[in-house]
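To start, the structure itself, in structure tokens.
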Amino acid sequence: DIAVEFYSVSKTYSMAGWRIGWICGNSRVVDALNTVKENIDSGQFNAIQNACAFAIENHDVIVPNIRLTFKRRADIFVKTLSAYGWKVFKPQGSCFIWAKPPININSLEACEYILQKTGVLLAPGDGFGRYGRGYLRISTTETDEKINLAISKLTSINWRDL
């Protein structure tokens, strides 16, 4: 009656980047947003809408495998980066890993350095508030091939060159 909630298929169904979700709650607010959206854009491509509907309808079949995949990838990141001196937090229910490089460095500088040296793009923790300072956010939503390549590149960094 008094609020609305926004949801997305991004992480739950491994559809990161598709930018599709829904709102539910107070009908006046939902109707108002619908009016605004009708006048701003024409909606997502039908194939994306159909894929999302399929995912939601098959939630119990799809999601457990996605969770296991994210966990497996996170375990690899945590184990490998920890062995190379990174301080890594194992996610307890997220597709993101928070990690500090093996040297004391600003997160934005670390991300720029990593991108320049390896081509691997990470998110600087500073962008997520004061508790993210010094940390980098790593996503497990890419393919296993890209995850393994990123790990290989991250572990090849010579931080003394900084």
Side-chain angles (χ1 to χ4, degrees), residues 4-24 41 43-45 47-159 161-162:
V4 293
E5 291 187 43
F6 289 89
Y7 294 91
S8 158
V9 300
S10 295
K11 311 310 182 289
T12 303
Y13 302 105
S14 199
M15 297 176 175
W18 291 26
R19 302 297 183 244
I20 187 168
W22 64 95
I23 182 176
C24 59
D41 62 46
Q44 278 286 16
F45 176 54
I48 290 176
Q49 292 182 43
N50 292 336
C52 293
F54 179 86
I56 292 166
E57 290 168 2
N58 293 280
H59 177 92
D60 292 339
V61 175
I62 294 170
V63 171
N65 186 50
I66 292 170
R67 287 182 181 150
L68 288 173
T69 300
F70 287 163
K71 181 185 181 316
R72 179 179 45 77
R73 291 173 180 166
D75 288 345
I76 293 168
F77 264 114
V78 170
K79 179 181 177 184
T80 307
L81 293 181
S82 294
Y84 280 81
W86 290 63
K87 181 179 180 183
V88 187
F89 289 94
K90 186 174 181 179
Q92 299 299 310
S94 170
C95 60
F96 297 109
I97 299 161
W98 289 89
K100 276 189 175 186
I103 64 168
N104 188 17
I105 185 172
N106 170 295
S107 66
L108 183 57
E109 290 174 12
C111 286
E112 289 175 354
Y113 184 74
I114 290 168
L115 182 60
Q116 179 187 34
K117 291 290 184 183
T118 68
V120 174
L121 179 63
L122 303 177
D126 288 358
F128 298 94
R130 65 182 177 143
Y131 295 111
R133 287 187 189 132
Y135 289 90
L136 312 180
R137 190 179 80 161
I138 302 169
S139 175
T140 61
T141 60
E142 284 292 345
T143 64
D144 287 348
E145 181 182 42
K146 286 184 181 178
I147 294 282
N148 291 329
L149 181 59
I151 290 171
S152 174
K153 289 181 174 188
L154 289 172
T155 57
S156 73
I157 295 173
N158 184 350
W159 291 101
D161 290 343
L162 190 67

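Model, not experiment: these values are computed from the prediction.
Using modelled atom types, no side-chain atom of S14 and backbone atom of K11 make a donor-acceptor pair closer than 3.5 Å. The main-chain N or O of T140 is never found under 3.5 Å from a side-chain atom of E142 such that the two would form a donor-acceptor pair. Formation of a donor-acceptor pair under 3.5 Å by the N58 side chain with backbone atoms of V61 is not found in this model. Checking side-chain atoms of T69 against main-chain N and O of N65 turns up a donor-acceptor pair under 3.5 Å. Under a 3.5 Å cut-off, the side chain of R137 and the backbone N or O of G127 do not form any donor-acceptor pair.
The two residues T141 and C95 have their closest heavy-atom pair at CG2-SG, 3.8 Å. S94 and F96 make their closest contact through OG-N, 2.9 Å (heavy atoms, listed as atom of the first residue, atom of the second, distance). Here the closest heavy-atom approach between residue G134 and residue D126 is recorded as N-OD1, 3.6 Å. For the pair I20 and Q49, the tightest heavy-atom approach, listed with the atom from each and the gap, is CD1-CG, 3.9 Å. Heavy-atom minimum distance, A99 versus I138: CB-CD1, 4.2 Å. Taking all atoms of both residues into account, the shortest heavy-atom contact from A55 to M15 is CB-CE, 3.7 Å.
Counting non-hydrogen atoms of neighbouring residues, nucleotides and ligands closer than 6.0 angstrom, the CG atom of N104 reaches no more than 12 such neighbours.
The SG atom of C111 sits 13.0 Å away from the CD atom of Q116 when rounded to the nearest 0.5 Å. The CD1 atom of I66 sits 6.5 Å away from the CZ atom of F70 when rounded to the nearest 0.5 Å. How far OG1 of T80 is from CG of D75: 10.0 Å, rounded to the nearest 0.5 Å. Residue L122 holds its CG atom at 12.0 Å from CG of L108, rounded to the nearest 0.5 Å. Taken from OG1 in T143 to CZ in R73, the straight-line distance is 6.5 Å, to the nearest 0.5 Å. To the nearest 0.5 Å, atoms OG (S139) and NZ (K146) are separated by 11.0 Å.
Taking the centre of each ring, W98 and Y131 stay at or above the 6.0 Å mark. No close placement of the F128 and Y135 rings is indicated, their centers lying 6.0 Å or farther apart.
Residues L81 and I97 form no side-chain contact, since every pair of their non-hydrogen atoms from C-beta on lies 4.5 Å or further apart. Annotation: side chain of K100 is not in contact with side chain of R133 (no heavy-atom distance under 4.5 Å). Put simply, the side chain of H59 reaches to within 4.5 Å of the side chain of T12, judged on heavy atoms. Using a 4.5 Å heavy-atom threshold, the side chains of C52 and Y13 count as separate. For the pair I157/Y84, no side-chain contact is recorded, criterion being any heavy-atom separation below 4.5 Å from C-beta on.
Using cut-offs of 30° and 60° on the angle between ring planes, the pair W159 and W86 is perpendicular.
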Quiz item: Yes or no on side chain to side chain contact (heavy atoms under 4.5 Å, CB included) for I147 and F77, after CA distance, side-chain angles and deciding distance?
Solution: CA-CA 8 Å; I147 294 282; F77 264 114; 3.6 Å; yes
Self-check item: Audit row: R72, D144, side chain to side chain contact (heavy atoms under 4.5 Å, CB included) steps and yes/no
Solution: CA-CA 10 Å; R72 179 179 45 77; D144 287 348; 3.1 Å; yes
